[in-house]
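Following: one structure in structure tokens, then a few remarks.
Here is how names work: the chains are called A, B, and so on, in the same order as the sequence lines, proteins then strands, and each is numbered from 1.
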Amino acid sequence: MNPIQKIREELKGSIISALEKSRTENLIAFDAMPDFVIEVPRDEGHGDFATNVAMLMARQCRMAPRKIAEIISSQIDYNQIPQLKKMEIAGAGFINFFLKPDWLVVLPGIVAEQGPRWGSSPSQNQKVQVEFVSANPTGNLHMGNARGGAIGDTLANILAYAGYEVEREFYINDAGNQIDIFAQSLEARYLQLMGAKIEFPENGYAGQDVVDTVKNIIRDYKDSLLGMTAEERQELVVNYALKEKIQYIRNTLSGFGITYDVWFNEKILHQTGKVDEIIKNLTDKGYIYEEEGAWWFKSTLFGDEKDEVVIRANGLPTYFASDIAYHLNKFERGFDRVINVWGADHHGHVGRMKGAIQALGYDANRLEILLMQLVRLYRGGVIVRMSKRTGTTVSLDELIEEVGKDAARFFFVMRSPDSQMDFDLDLAKEKSQENPVYYVQYAHARIQSIFRQAKAAGVLVKGVGEVDFSILGTEEMQILRKIADFPDEIATSARMLAPHRIAHYVLELAGLFHSFYNHQRVLNDNKALQDARLALMGTTQTTIRNALNILGISAPEQM
RNA sequence: GCGCCCGUAGCUCAGCAGGAUAGAGCAACGGUUUCCUAAACCGUAGGCCGGGGGUUCGAAUCCCUUCGGGCGCACCA
């Protein structure tokens, strides 16, 4: 257990003991122990930790909060918490705990021992799947996919640190209506390039990437497709294009630092009859009815506004039908939690999806949807419409080329998924040097530089066990305090599905380091102080590196 | 019309199941380098937390209402 959690538990325990003792001695009367918190006050003058327990008890005790706080304070057993120096009652009835300054000195040892695992929590014994991006394999990856990629991958890293067994998955929509249109578009382009005068489908994919793909097909197959039936031809071109697109997606995401454990094909669900099975299953359970030739799922039973079609009048299943089969498959694979990162434009899908899960007999809470608001792309102060079909927008690979993987990932993950995001391309290009990611990376590189200087000067960096940390001053203790928060911060980010917290955390830690660096010298004449500071630098660097690792951003040793 | 997200400093945004005096970056202004990387640091200025009610010891946070912005409400995915 990390030191912060440990001391929190100890403080909490001692308060409970004090309260129970007070009750036994008839100093106070209460029935239920409130669910109070041990928090870190924003203001350092309010101690290392504080609790609101007295305020929470005021009502049931019919006693002023400060009076309750005094009773607790007088009954606290200092022997139970050796690190406790003093307590103060403040404000409306807060109890502030001041700890002996050396309570954090165990931290560097823990960090050094855990290394790359520092920040992680014990195993939760739960399997969680994170599905993200899952872009349609009919076009290039756009800004929404980029944001989803950064958020999903970071979230998966956070969950892994938080003790979950995590699998990353990409769902390939290689079946259905869009694929048919894709096939028709490819065929039309092929025939056009081969000289036929035919109309391009009205809703077809008009992007240049389709033309490029067709040129590759012509290079490989020449005119041999002309003699085929339309069906054979469409199947060939679409399979060719899908293979190419999926390879493109895989490569681009890999360049964005994202690799998946599983690439799941929608088509398999159709081919193996899973979609038909799920319809039959739900029909047997009475959740499906027929109307106007189509089959409807009763999503209104689960709070949705209207029922949803699963089989169209033309006999073909909808996307929703295969998605139900897909999610059933996920649960059958044994995941305790299934998390999907979706764009806000899919939020209408959430209610009925959860409804379907429930209809199948699973707890709908095990399916969690992280909705992220859409990214609006600006160029020259004007919105660039994101359309997969026109292919006029900036793609992820172009973005990586222009601003770099690290800056792009940081930029996307820095903001809460809930907030809509304007991505100003001109700004991103011009100001890439001012991106906050460099601020953090620079902190890491600076520390490395100190170690280089130390080595050049023949200074041996002592192991944390041989160093006396009590010599460190307030700035160093602030850094240590922040570092101590790291596991908690990761756990909170995991609980809230809030990857942006890690970005903010590491910015704050880097800020404390830079401030310290500008005020104090690590390499100096006071050997004991130098030893302690060098060890602190190692602790800081490991924490920054681990945080950057979670964010999928490199930790350079030199800049 | 109904549903979801957002509204916090000039701009972009944090603010962890309500907590003490609301924070950061950028922009502005003024400083810091014979010394471990100035991609840094320090300081100044900047706010009716969209408006209005309510809940309570206590609200940026919860509830209601209203205004403004985004998204969704297909036999598309």
Side-chain angles (χ1 to χ4, degrees), chain A residues 35 37 39-43 45-46 50-52 54-56 58-59 64-66 90-94 96 136 138 173 176-179 181 203 266 291-296 304-306 308-320 322-323 343-351 371-374 376 414-422 424 427 431 433-439 441-443 445-454 456-457 488-489 491-493 495-496 498 500-501 503-504 507-508 510-511 513-524 533 537 558-559:
Chain A
D35 191 18
V37 294
E39 60 183 4
V40 178
R42 212 172 17 218
D43 187 337
H46 294 139
T51 181
N52 60 348
M55 275 111 81
L56 293 178
R59 181 176 292 246
R66 289 191 69 109
F94 289 99
N96 295 335
N136 280 317
T138 52
N173 299 120
N177 218 11
Q178 292 205 166
I179 294 300
I181 295 171
N203 293 325
E266 178 184 357
E291 192 175 290
E292 294 176 4
W295 293 22
W296 300 73
D304 223 355
E305 286 170 45
K306 52 207 285 191
E308 185 71 14
V309 171
V310 283
I311 305 283
R312 291 180 286 228
N314 64 10
L316 295 175
T318 61
Y319 168 83
F320 180 45
S322 48
D323 221 16
D345 53 337
H346 284 62
H347 88 255
H349 194 54
V350 175
L371 287 178
M372 46 158 200
Q373 297 298 311
L374 301 179
R376 286 191 307 190
M414 194 170 55
R415 288 162 166 77
S416 158
D418 279 339
S419 80
Q420 184 181 309
M421 178 177 171
D422 292 339
D424 188 325
L427 201 68
K431 301 226 171 175
Q433 290 303 308
E434 291 180 25
N435 192 303
V437 69
Y438 294 101
Y439 183 79
Q441 290 181 317
Y442 184 45
R446 257 185 161 176
I447 293 172
Q448 194 59 41
S449 173
I450 295 170
F451 288 134
R452 276 195 298 269
Q453 293 287 332
D488 250 19
E489 194 59 47
T492 303
S493 303
R495 174 168 54 81
M496 299 176 66
H500 66 285
R501 296 182 64 94
H504 287 276
L507 273 171
E508 284 169 21
F513 162 74
H514 282 308
S515 183
F516 159 75
Y517 182 92
N518 274 276
H519 293 135
Q520 314 287 350
R521 286 190 54 86
V522 172
L523 303 177
N524 66 90
R533 284 181 174 166
M537 288 301 101
Q558 219 169 343
M559 285 175 76

(Q) Once rounded to the nearest 0.5 Å, what's the spacing between atom CE of A/M372 and atom NE2 of A/H346? (A)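 So the CE of A/M372 and the NE2 of A/H346 are separated by 9.5 Å.
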
**Q.** Residue pair A/E266, A/I179: steps toward the side chain to side chain contact (heavy atoms under 4.5 Å, CB included) verdict
**A.** CA-CA 11 Å; A/E266 178 184 357; A/I179 294 300; over 6 Å; no

Would you measure the distance from the [atom1] atom in [N] across to the matching atom in [M] and give it in whole Å?
N     : M     : atom1 : answer
B/U21 : B/G25 : P     : 23 Å
B/G51 : B/G68 : C1'   : 11 Å
B/G58 : B/A74 : P     : 46 Å
B/A17 : B/G53 : C1'   : 25 Å
B/U61 : B/A39 : C1'   : 36 Å
B/C62 : B/C6  : P     : 9 Å
B/G7  : B/U12 : C1'   : 14 Å
B/G43 : B/G52 : C1'   : 39 Å

Q) Reading nucleotides 16-22 of chain B 5' to 3', which nucleotides get B (base under 4.0 Å from a protein heavy atom), which S (sugar-phosphate only), which -? A) B--BBB-

Please work out if [X] contacts a base, only the sugar-phosphate, or nothing of the nucleic acid, heavy-atom cut-off 4.0 Å.
X      : result
A/H500 : sugar-phosphate
A/A457 : nothing
A/Q558 : base
A/A344 : sugar-phosphate
A/E308 : nothing
A/F320 : nothing

Q) Paired with B/G25: which nucleotide, if any, by Watson-Crick or G-U wobble criteria at under 3.5 Å for both distances? A)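 Answer to the pairing question: B/C11, which forms a Watson-Crick or G-U pair with B/G25.
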
Q) Does B/G30 have a Watson-Crick or wobble mate here (both distances under 3.5 Å), and if so which one? A)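 Base-paired to B/C42.
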
Q: Give a yes or no on whether a donor-acceptor pair under 3.5 Å exists between the nucleobase atoms of B/G3, that is its base, and the side chain of A/H347.
A: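 Yes, a donor-acceptor pair under 3.5 Å.
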
**Q.** Among B/C36, B/C75, B/C73, the nucleotide that comes nearest once only the side chain of A/E292 is considered
**A.**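 When the side chain of A/E292 is considered, B/C75 is the closest of B/C36, B/C75, B/C73.
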
Q | Proximity to the side chain of A/R446 - top-ranked nucleotide from B/A77, B/A38, B/C36 | A |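 Nearest nucleotide to the side chain: B/A38.
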
Q.
Go nucleotide by nucleotide along RNA chain B from the 5' end; which of A/L371 and A/S416 gets its closest nucleotide reached first?
A.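 Residue closer to the 5' terminus by nearest nucleotide: A/L371.
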
Q. Closest nucleotide of RNA chain B for A/E305 versus for A/G293: which of these residues is on the 5' side?
A.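 With A/E305 and A/G293 compared, the 5'-side residue is A/E305.
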
